[in-house]
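Note that the structure is predicted; figures quoted are calculated from it, not measured. Sequence lines set the chain letters: A, B, ... in the order given, protein chains first and strands last, and positions in each chain run from 1. Atom set for the values below is all heavy atoms of this structure, side chains included, hydrogens, waters and symmetry mates excluded.
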Amino acid sequence: MNRYWIYVILASVFEVGWVSGLKHAYDLLTWIATIIAITVSFTVMIVASSKLPVGTVYAVFVGLGSAGTILADMFLFAQPVEPVKLLLIGILLAGVIGLKMVTKDPEGETG
Amino acid sequence: MAWIVIVAAGLFEMLGVVLLNRVARNRSILNILLLAASFTASFSLLSIAMQSLPMGTAYAIWTGIGAAGGAMLGMILYGESKEWRRIFFIALILGSTVGLKVIA
């Protein structure tokens with residue numbers, strides 16, 4: 001996997017952080033952490049977009065961010081685990097892997 | 001009224017994706033400020049719409065318009081690949097994302 005795809009995944013991880021932050025932040029410190037996560041998430045996404053198609057980057061960013069947020073809700077914030085959610089997350093991951101496979105790697109970057 | 005607001009939020013997200021393309025090509029301060037302004041407008045309108053629409057519905061419409069519209073504009077304006085497998089996998093990701101948001 002080339003490093004621009006790793007940036008997209010990293011952007012999604014920070015997205016889970018700030019979406020959780022917007023929902024659960026309760027004091028100055030947690031709000032500062034949330035704002036830092038927003039900044040890191042968008043910065044890393046911009047770097048990824050410089051080499052990968054933006055439509056691809058944004059779809060993966062939004063998809064993995066939502067899947068991660070729902071998993072975080074289940075495992076960190078004790079929301080019920082629903083099979084239909086896990087099924088949709090599985091379909092989503094299949095879409096991400098497929099999209100990765102049909103996207104031409106940036107010049108000079110090998111898998 | 002909330003429906004107009006949520007569609008506007010989606011359109012600002014689409015604009016944000018187009019601006020992401022601009023920033024990726026030319027990282028000028030102006031482009032970065034426009035990108036930040038566009039996503040700020042989008043998130044603000046989303047949170048206004050969520051005061052009267054169910055959260056899952058609002059998120060799903062917003063994501064659907066923004067990400068699908070952004071991908072389409074990338075193809076039209078920036079010559080991104082229109083290969084059917086790419087469109088299929090983007091649709092698969094967005095379809096499951098919208099589904100997750102509707103039921104969340």
Side-chain angles (χ1 to χ4, degrees), chain A residues 4 7-8 11-12 18-19 22-23 38-39 41-43 45-74 79-80 82-104 106, chain B residues 13-14 16-27 31-32 35-36 39-40 43 46-47 50 55-56 59-60 62-64 66-104:
Chain A
Y4 295 96
Y7 290 154
V8 182
S12 313
W18 65 257
V19 172
L22 290 178
K23 252 190 260 179
I38 291 177
T39 312
S41 168
F42 274 85
T43 306
M45 183 166 60
I46 288 168
V47 176
S49 305
S50 66
K51 287 290 190 307
L52 294 171
V54 172
T56 296
V57 170
Y58 196 72
V60 172
F61 170 76
V62 163
L64 287 184
S66 314
T69 304
I70 282 168
L71 291 174
D73 277 343
M74 284 179 196
Q79 291 291 307
E82 292 165 40
V84 63
K85 285 185 186 171
L86 296 178
L87 175 71
L88 284 170
I89 289 172
I91 295 172
L92 197 156
L93 290 178
V96 172
I97 292 164
L99 193 55
K100 160 87 173 78
M101 283 167 53
V102 301
T103 304
K104 201 171 145 281
Chain B
E13 196 199 1
M14 260 171 86
V17 178
V18 170
L19 288 166
L20 197 60
N21 245 315
R22 276 181 72 107
V23 170
R25 279 160 179 74
N26 172 17
R27 224 169 289 176
N31 285 346
I32 290 173
L35 176 68
F39 273 107
T40 306
F43 280 106
L46 174 65
S47 81
M50 283 194 312
M55 194 161 100
Y59 260 132
W62 176 75
T63 304
M72 255 186 274
L73 285 180
M75 292 174 201
I76 295 166
L77 300 177
Y78 291 96
E80 289 182 1
S81 166
K82 295 186 194 65
E83 205 217 340
W84 72 268
R85 287 182 305 172
R86 178 171 187 263
I87 295 171
F88 170 76
F89 286 124
I90 290 179
L92 203 61
I93 294 172
L94 294 182
S96 44
T97 303
V98 168
L100 282 173
K101 288 184 166 170
V102 170
I103 63 172

Heavy-atom count check: over 12 atoms from other residues, nucleotides or ligands less than 6.0 Å from [X] [atom1]?
X: B:Met72; atom1: CE; result: no
X: B:Arg22; atom1: CZ; result: no
X: B:Arg25; atom1: CZ; result: yes

Residue pair [X] / [Y]: nearest heavy atoms and the distance that separates them:
X: B:Ala24; Y: A:Ser49; value: CB-O, 3.4 Å
X: B:Phe89; Y: A:Val102; value: CE1-CG1, 3.9 Å
X: A:Ser66; Y: B:Thr97; value: OG-CG2, 3.2 Å

(Q) Heavy-atom cut-off 4.5 Å, strictly under: side chain, backbone, both or neither for B:Leu35 against chain A? (A)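 Side chain of B:Leu35 only, per the 4.5 Å heavy-atom cut-off to chain A.
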Q) Considering only heavy atoms, which portion of B:Thr63 lies under 4.5 Å from any heavy atom of chain A: side chain, backbone, both, or neither? A) side chain
Measure the spacing between [atom1] of [X] and [atom2] of [Y] and express it to the nearest 0.5 Å.
X: B:Glu80; Y: A:Thr103; atom1: CD; atom2: OG1; answer: 10.0 Å
X: B:Glu83; Y: A:Lys104; atom1: CD; atom2: NZ; answer: 12.5 Å
X: B:Ile93; Y: A:Thr56; atom1: CD1; atom2: OG1; answer: 8.0 Å
X: A:Ile91; Y: B:Leu100; atom1: CD1; atom2: CG; answer: 9.0 Å
X: B:Leu94; Y: A:Tyr58; atom1: CG; atom2: OH; answer: 10.0 Å

Q: For chain B, find which of A:Val62, A:Leu93, A:Ile89, A:Val57 contributes the most heavy-atom pairs closer than 4.5 angstrom.
A: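 Most heavy-atom pairs under 4.5 Å with chain B: A:Val62.
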Q) What residue in A:Gly90, A:Ala48, A:Pro53, A:Gly65 has the most heavy-atom pairs under 4.5 Å with chain B? A) A:Pro53
Q: For chain A, find which of B:Leu92, B:Ile32, B:Val18 contributes the most heavy-atom pairs closer than 4.5 angstrom.
A: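 Of the candidates given, the most pairs with chain A belong to B:Leu92.
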Q.
Are B:Arg27 and A:Ser50 packed together at the side-chain level, in the sense that at least one heavy-atom pair is separated by less than 4.5 angstrom?
A. yes
Q: Under 4.5 Å heavy-atom distance to chain B, tell me which part of A:Phe42 shows up: side chain, backbone, both or neither.
A: side chain
Q) Is it the side chain or the backbone of A:Leu99 that comes within 4.5 Å of chain B heavy atoms, both, or neither? A) both
Q) Is the distance between the ring centroids of A:Trp18 and B:Phe39 under 6.0 Å? A) no
**Q.** Test side chain to side chain contact (heavy atoms under 4.5 Å, CB included) applied to A:Val54 and B:Leu20, B:Leu73, B:Val23, the passing residue
**A.**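 The passing option is B:Leu20.
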